[in-house]
Every structure is written in C-alpha cells, then in structure tokens.
Amino acid sequence: MFAPRVHDSLRAIPAADWDALHDSGNPFVSHAFLSGLEQHGCLRSDWGWTPHHLVLWDGSEPVAAAPGYLKDNSHGEFVFDHAWAHAYARYGRDYFPKWLGAVPYSPVTGPRLLARDDTSRRALLAAIVKDARRTGLSSAHVNFHTAAEDTVFDDDWLPRTDVQYHWRNDAGWRDFEAFLAAMDHKRRKNIRQERNKVARAGVRFRVLHGDEADEADLAAIHGFYLQTFAEYGNPPALTLDFVRHLAATMPRALVLILADLDGEPVAGALCLRGGDTLYGRYWGSTRTVPGLHFETCYYQGIDYCLREGLRRFEPGAQGEHKIARGFLPTLVRSHHWIADPAFAEALRRWCDEEAASVRGYKAMLDAHSPFKAPLPPG
C-alpha cells in the first residue's frame, strides 16, 4: 500500500524524484517551474493559492504526485466555475476552500496525475478524494489534463470541455511560406500584409533562449508583462526573480521573443518550450505599431516552431481571431469531484448541456478554417 502525504511545499521532494514521475515533455509540471513559483513570490494565500500537493510514497520513493493548491477563490484557473460557487452559496453551503490540481496561472494542457502507470494514477485520485473529505472541502478539480488521463477518472468525476486555438504542423511544412501556401488567398494575403507593416516600421526581432538572454533582456520581458497587467488592472503574479529563475534552471525551455525599434526593445513575448510544443504565455509592448501583437505573439512563434521542428504551438487561451492566423479550435478538458451528492447530480446535467454546447461551437468554428484543404487530424 502506498502512503499518501500532503506537502505544503515542493522543497520536501527532491527534484529528481518529482521529475522522474513525468516524461519532461511539459515544462509546467517540472519541479523547477512549480518550485520556482513558490520560492520567488508568485503564490500568495491572499491571492487564493496555498500549495497542497498530494504525493503517494513507497517508503522513501514517490510513486505518484499531483501538483495541487487550496483555493479560496477561482482566480487564475481559466476553467470557470463562478456560477458553481454562486449556486453553492444559494444552496446554503460554502464552495470555498476547494482543492485544485493545476499549474497556477497556466491554462496549458499537460499531465496532472504524475505517475508511471494508470494504477498509481487511480490510487492518487482516490487519495485526493479522501483528503478532500478529511479536510471538509466542497470539491476537487483537475484542470487542463491530457487526453490520456481521461480514462483514470471514474464516474464520480464530472468531465468538462472547452475550446482553445492551437497551431499544428501535421502537414510537414518546412518553412513559413509553405505554411502560408496551405491557406486560402484571403488569409494568406492578410498575414503577409500584417508582417509587412511591422517590417516597414523598422521593427527587428530577437529570439533568445534563457541562457542567451542577459539581465537587460530578462528585465525587459518582465517589464512588458507588468505593462500588460497594468493596462488591464490586474495584479501581476510573476516576479522578475521568477523569470531569472527560469533562465537559470530551465535555460533551453525559456524562449523570449523581443521586438527592437530604434535601438531598444518595445515589445516582447515570454514562451516556454516543451518536447514538441511551444507555449506562448505573456506579451506586452510600450509602442503602438500596426500588426506588432500578431507578429510578436503568433508569427514569430510559428517561425520558431518551423525552424526548431516543433509540432505544436499553443499561444494562450481564448481568441477566435487566432483562427484566421492558422490556430485551429482544439478541445481542452478538466474533471471535477463534488462532495455533496445532490449538488453533484445537478452539476452533472449542467456539464452535459455545456459539453453539447461546446461541441456545437467547435463544429461552427471548424467550418471557418483558413486552410484550403482539411489538415490531418491532430
């Protein structure tokens, strides 16, 4: 029998032991990324993020783990359950705190039940439910898990789906022109016009890995991040020390796209690179240049994937405008355990209706593909 333990920090778990539980294809579940959030001031209990990692131990060896957090709000999750919280309150119950298995602030698909086999993953889910009952939580949630993990959730876990927009190179494009050649005339012309506007404005781009960036580059990319959050009136969670930490501990996974104009950086995008995927996370700018957002956040990333032989590019959540730029609607998933049986049954019907609506929405979006011929399925 495995011994479940709850850890309020990843410091108690050796990095090598944690990282042995996943294939290193997704940078967001690495010990370096998750522990960096904890160590460098990105997670605060007053923001609703209290580390509560579930780990199954076989003696001194971890055999399964779920990065998890106690949440007293739903901020920074991107699987929206605000209506559930309001309904729970009307039902006369407290929805918070709840347990969340996820990567903070990161609506990125990846493994969430880290283990070497499905037997261990099912044992881990059982431990999550047992801990939620023991601590009197209303619910437990596993967000943006992989399709391969679907089968380990039993019927007590309610499935939800949503749509994001991902670029895939299943067609084997060798360069950007080959990618454009697969698109219809209207979208191809639009992309060329957008790229030409940026080039004519004199903007030049640098794409740097963490070990190629200097202190000024790291400070610039963090400054752009702060600028965007200030414009939207949201508190920025990521610190400059965390960006420095990524550059030092994950140097080839950190990818910075910097736009220079008149000898200084005026815009940038912070990305992370996995085994076959580029993940666009944050962007910002201090100058208004037509097309600069699309070039920095989308086209430079596609160029990078084509040069590096990466198969996928996930530029972030939401945005139907991404379809015209080659990012196709893709289903993302989550599962949810609700402690109260009656409330769970009501939510089951709600989830079924939502899933039908999402599938219909995706079918509508699929009809507006920018490509001349259907791409191979992803």
Side-chain angles (χ1 to χ4, degrees), residues 26 66 68 71 74-91 93 95-96 98-103 106-113 118 121-122 124-126 128-129 132 137-168 277 312 314-323 327-369 374-378:
N26 186 286
K71 297 294 284 17
S74 295
H75 298 158
E77 299 179 17
F78 299 93
V79 176
F80 301 108
D81 62 352
H82 302 91
W84 293 16
H86 293 317
Y88 225 76
R90 292 195 300 271
Y91 192 60
R93 305 287 296 277
Y95 189 67
F96 302 107
K98 64 181 183 180
W99 183 84
L100 175 67
V103 176
S106 302
V108 171
T109 293
R112 295 294 178 262
L113 306 173
D118 283 350
R121 293 184 183 92
R122 292 188 179 93
L124 182 60
L125 285 174
I128 291 169
V129 170
L137 302 180
S138 71
S139 51
H141 311 260
V142 181
N143 288 358
F144 297 105
H145 62 78
T146 64
E149 291 171 312
D150 269 337
T151 58
V152 301
F153 292 92
D154 63 27
D155 289 342
D156 290 338
W157 290 82
L158 307 179
R160 293 185 68 184
T161 57
D162 200 356
V163 171
Q164 289 184 356
Y165 304 90
H166 299 169
W167 179 88
R168 303 194 313 268
T277 305
R312 302 175 68 89
E314 299 185 17
Q318 303 173 338
E320 291 181 10
H321 62 277
K322 295 171 183 170
I323 296 175
F327 297 85
L328 300 182
T330 305
L331 292 179
V332 293
R333 49 187 42 79
S334 59
H335 270 85
H336 309 265
W337 174 86
I338 308 298
D340 184 283
F343 198 77
E345 192 56 35
L347 284 180
R348 187 182 304 278
R349 294 191 295 272
W350 187 93
C351 288
D352 289 343
E353 293 173 0
E354 180 192 51
S357 176
V358 168
R359 287 193 296 270
Y361 175 61
K362 182 179 180 298
M364 181 271 291
L365 295 175
D366 287 339
H368 295 277
S369 171
L375 297 182

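Starting from 1, each residue takes its place in the sequence as its number.
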Colleague: Check the orientation of Trp337 and Trp157. Use parallel for under 30°, tilted for 30 to 60°, and perpendicular for over 60°.
Modeller: tilted
Colleague: Could you give me the CA-CA distance, side-chain angles and deciding distance for Val108 and Phe144, then say whether side chain to side chain contact (heavy atoms under 4.5 Å, CB included) is met?
Modeller: CA-CA 6 Å; Val108 171; Phe144 297 105; over 6 Å; no
Colleague: The criterion is ring pair (Phe, Tyr, Trp, His ring centres under 6.0 Å); which residues satisfy it with His166, sequence neighbours excluded?
Modeller: none
Colleague: According to side-chain hydrogen bond (donor to acceptor under 3.5 Å, both in side chains), who are the partners of Glu77, at least two apart in sequence or on a separate chain?
Modeller: Lys71, Lys98
Colleague: Just jot down the side-chain hydrogen bond (donor to acceptor under 3.5 Å, both in side chains) partners of Ser334, sequence neighbours excluded, or say none.
Modeller: His336
Colleague: Applying side-chain hydrogen bond (donor to acceptor under 3.5 Å, both in side chains), can you list everything that pairs with Arg333, at least two apart in sequence or on another chain?
Modeller: Asp150
Colleague: Among residues at least two apart in sequence or on other chains, which ones pass salt bridge (Lys or Arg N to Asp or Glu O under 4.0 Å) with Arg121?
Modeller: Asp118
Colleague: Could you measure the distance from the NE2 atom of His86 to the CG atom of Asp81? Nearest 0.5 Å is fine.
Modeller: 10.0 Å
Colleague: Taking atom OH of Tyr91 and atom OG of Ser138, what is their separation to the nearest 0.5 Å?
Modeller: 12.5 Å
Colleague: According to the salt bridge (charged side-chain N to carboxylate O under 4.0 Å, His left out) rule, which pairs have a member within residues 153-163, sequence neighbours left out?
Modeller: Arg160-Glu354
Colleague: What's the verdict on side chain to side chain contact (heavy atoms under 4.5 Å, CB included) for Val103 and Arg112, showing C-alpha distance, side-chain angles and the deciding distance?
Modeller: CA-CA 8 Å; Val103 176; Arg112 295 294 178 262; 3.9 Å; yes
Colleague: Listed by chain and number, what are the salt bridge (Lys or Arg N to Asp or Glu O under 4.0 Å) partners of Arg359, not counting sequence neighbours?
Modeller: none
Colleague: For residues Leu125 and Val152, report the shortest heavy-atom separation together with the two atoms involved.
Modeller: CD1-O, 3.3 Å
Colleague: Glu149 side chain to Leu113 main-chain N or O, any donor-acceptor pair under 3.5 Å?
Modeller: yes
Colleague: Quick one: does Asn26's side chain have a donor or acceptor within less than 3.5 Å of a partner on Thr109's backbone?
Modeller: yes
Colleague: Determine, stepwise, if the pair Arg312 / Thr330 fulfils side chain to side chain contact (heavy atoms under 4.5 Å, CB included).
Modeller: CA-CA 12 Å; Arg312 302 175 68 89; Thr330 305; 4.2 Å; yes
Colleague: Apply ring pair (Phe, Tyr, Trp, His ring centres under 6.0 Å) to Tyr361 and list each qualifying residue two or more places apart in sequence or on a separate chain.
Modeller: none
Colleague: Applying ring pair (Phe, Tyr, Trp, His ring centres under 6.0 Å), name anything that partners Phe78, two or more places apart in sequence or on another chain.
Modeller: none
Colleague: Arg93: which residues meet the side-chain hydrogen bond (donor to acceptor under 3.5 Å, both in side chains) condition with it, sequence neighbours left out?
Modeller: Asp340
Colleague: Who passes salt bridge (Lys or Arg N to Asp or Glu O under 4.0 Å) against Lys362, sequence neighbours left out?
Modeller: Asp366
Colleague: Tell me, please, which residues at least two apart from Tyr95 pass ring pair (Phe, Tyr, Trp, His ring centres under 6.0 Å).
Modeller: Tyr88
Colleague: Please report the C-alpha distance between Thr277 and Trp167 in whole Å, then the side-chain angles of each, then the deciding distance to 0.1 Å, and finally whether the side chain to side chain contact (heavy atoms under 4.5 Å, CB included) criterion is met.
Modeller: CA-CA 10 Å; Thr277 305; Trp167 179 88; over 6 Å; no
